[in-house]
Amino acid sequence: MPTKWINGKKLLDIRTWGKHLLLVFANGAVKIHLGLFGDVLINERKKVNRSFFLEFAKGEINGYVVRAEKLKASPDDIYDWCTDVLSEKFDSHYVKELLKEQSKKTIDDVLVDQKIFTGVGNIIRNEVLYRAGIHPQSITGKIPAAKISLLIREAVKYARLFYNQLEKGKRVPFSVYQQEYTPDGSEVTMKILPRSKRKIFFSEHKQRLYK
DNA sequence: GTGAATGTTAACAG
DNA sequence: CCTGTTAACATTCA
């Protein structure tokens, strides 16, 4: 991505929308996505080539295996913060409305849809479904409203916990993701989803299948 | 050396 | 044109 337009500009703000990292300047914003292998380092470098970098009068931002592009408009014009599980503007009523359009899909697909649960990825999907007691292959429209509400609450709660622990340099211990047994000893089943080829982990015993 | 992993999208087939 | 599948990206760790 050309970065000439940033020359001489001050970095005004750093924001996120789900997995998008936004560097905001007066004349535009940069969107960085880390994909599966990406890293962004502040005032640090790796041996391998940077795929994106900005050098300031004092300090630098280095992206490795990232995709960076200039946003075509301001972040507030592009992004809906009401769906971002880590945003203060997250609106569970709004998300509940969006879910009504997804009634025929399985909940595991819907949970990682970035337009509905912005920021939720494979780990959070697996852990949150376990916490809510919902089988990943449940049909979204068949899940009782109270359970949907619980799922949304758990998604926000777990995302915050995950983030807070990371900030402290810790990790949340997984209950099902890449586990063989849940913390209380029930067996964990692993399935590879046919479309995405991603692995889902769940307890047949503790997660109810609504279909 | 092998395989798998916190993700997305362009290209392709039908 | 719409829908679904595959490949590509390219690093790190076990």
Side-chain angles (χ1 to χ4, degrees), chain A residues 1-2 14-23 29-42 44-53 61-73 75 78-80 83-87 90 98 101-132 136-137 139-140 151 154-180 182 188-202:
Chain A
M1 186 199 91
I14 299 177
R15 308 178 66 179
T16 57
W17 182 80
K19 299 161 192 164
H20 297 199
L21 177 66
L22 308 171
L23 308 178
V30 178
K31 172 185 95 181
I32 298 174
H33 200 297
L34 306 198
L36 222 51
F37 317 121
D39 246 330
V40 170
L41 302 179
I42 310 286
E44 267 184 85
R45 286 195 197 185
K46 295 190 177 191
K47 288 173 190 164
V48 293
N49 275 349
R50 303 177 286 187
S51 50
F52 171 83
F53 67 90
I61 296 175
N62 297 313
Y64 297 89
V65 203
V66 300
R67 226 160 19 84
E69 61 183 76
K70 183 180 181 183
L71 282 192
K72 291 180 175 57
I78 292 177
Y79 295 113
D80 186 354
T83 57
D84 185 333
V85 291
L86 283 181
S87 169
F90 181 82
L98 293 181
E101 298 158 23
Q102 309 293 326
S103 60
K104 289 185 174 164
K105 295 190 185 155
T106 54
I107 192 64
D108 51 8
D109 277 343
V110 176
L111 253 184
V112 291
D113 185 332
Q114 297 301 295
K115 290 195 282 296
I116 301 172
F117 288 98
T118 308
V120 172
N122 203 27
I123 292 177
I124 295 180
R125 149 166 77 184
N126 282 283
E127 292 296 305
V128 162
L129 284 168
Y130 172 75
R131 288 172 176 231
Q137 310 225 277
I139 307 298
T140 302
L151 178 66
E154 290 293 344
V156 169
K157 206 181 2 167
Y158 188 82
R160 290 216 180 109
L161 175 70
F162 198 100
Y163 176 83
N164 290 340
Q165 292 298 105
L166 273 187
E167 213 173 23
K168 290 188 218 159
K170 295 181 189 169
R171 308 217 62 171
V172 186
F174 300 137
S175 298
V176 284
Y177 181 72
Q178 293 181 329
Q179 304 302 303
E180 287 184 31
T182 64
V188 172
T189 306
M190 188 276 283
K191 243 182 196 166
I192 297 172
L193 293 177
R195 275 208 298 284
S196 63
K197 304 278 191 320
R198 309 298 301 259
K199 285 180 177 174
I200 50 168
F201 300 83
F202 56 94

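Just so it is clear: chains get the letters A, B, ... in the order the sequence lines come, proteins before strands, and each one is counted from 1.
If you check C/dA10 for Watson-Crick or wobble pairing at under 3.5 angstrom, you find it has no partner at all.
With respect to A/D108 and A/R198, no salt bridge is recorded, no charged nitrogen being found less than 4.0 Å from a carboxylate O. For A/K46 and A/D39, the salt-bridge test passes: some basic side-chain N is under 4.0 Å from an acidic carboxylate O.
At C/dT6, one or more side-chain N or O atoms of A/K197 fall inside 4.0 Å of OP1 or OP2 (strictly under the cut-off). Between B/dT6 and A/K19, no contact under 4.0 Å exists linking OP1 or OP2 to a side-chain N or O. Side-chain N/O atoms of A/K199 include none lying less than 4.0 angstrom from OP1 or OP2 on B/dA4.
Counting to the nearest Å, the C1' atom of B/dT8 and the CZ atom of A/R67 are 6 Å from each other. If you take CG of A/D39 and C1' of C/dC13, they are 13 Å apart, rounded to a whole angstrom. The distance between atom CD1 of A/I123 and atom P of B/dA4, rounded to the nearest whole Å, is 17 Å. Atom pair A/L36:CG and C/dT11:C1' shows a separation of 10 Å (rounding to whole Å applied). Put simply, CG on A/N126 is 11 Å from P on B/dA5, counting in whole angstrom units. With rounding to whole Å, A/L34 atom CG is found 14 Å from C/dT11 atom P. Straight-line distance from the CZ atom of A/R198 to the P atom of C/dT6: 16 Å, rounded to whole Å. Distance, A/R171 CZ to C/dC13 P: 13 Å, rounded to whole Å.
Atom C1' of C/dC13 sits at a distance of 22 Å from the matching atom of B/dT8, rounded to the whole Å.
Taking both residues in full, the closest heavy atoms of A/Q114 and A/T83 are given as O-OG1, 4.4 Å, listed atom of the first, atom of the second, then distance.
Rounded to the nearest 0.5 angstrom, A/Q102 CD and A/I107 CD1 are separated by 9.0 Å. Summarising the geometry, atom NZ belonging to A/K70 is positioned 14.5 Å from atom NZ belonging to A/K31; distances are rounded to the nearest 0.5 Å.
Residue A/F37 is the one, among A/H20 and A/F37, whose nearest nucleotide of DNA chain B lies closer to the 5' end (criterion: closest heavy atom).
Counting non-hydrogen atoms under 4.0 angstrom, A/K46 reaches the backbone sugars and phosphates but no base.
Closest to the side chain of A/Y177, out of B/dT8, C/dT11, B/dA5, is B/dA5.
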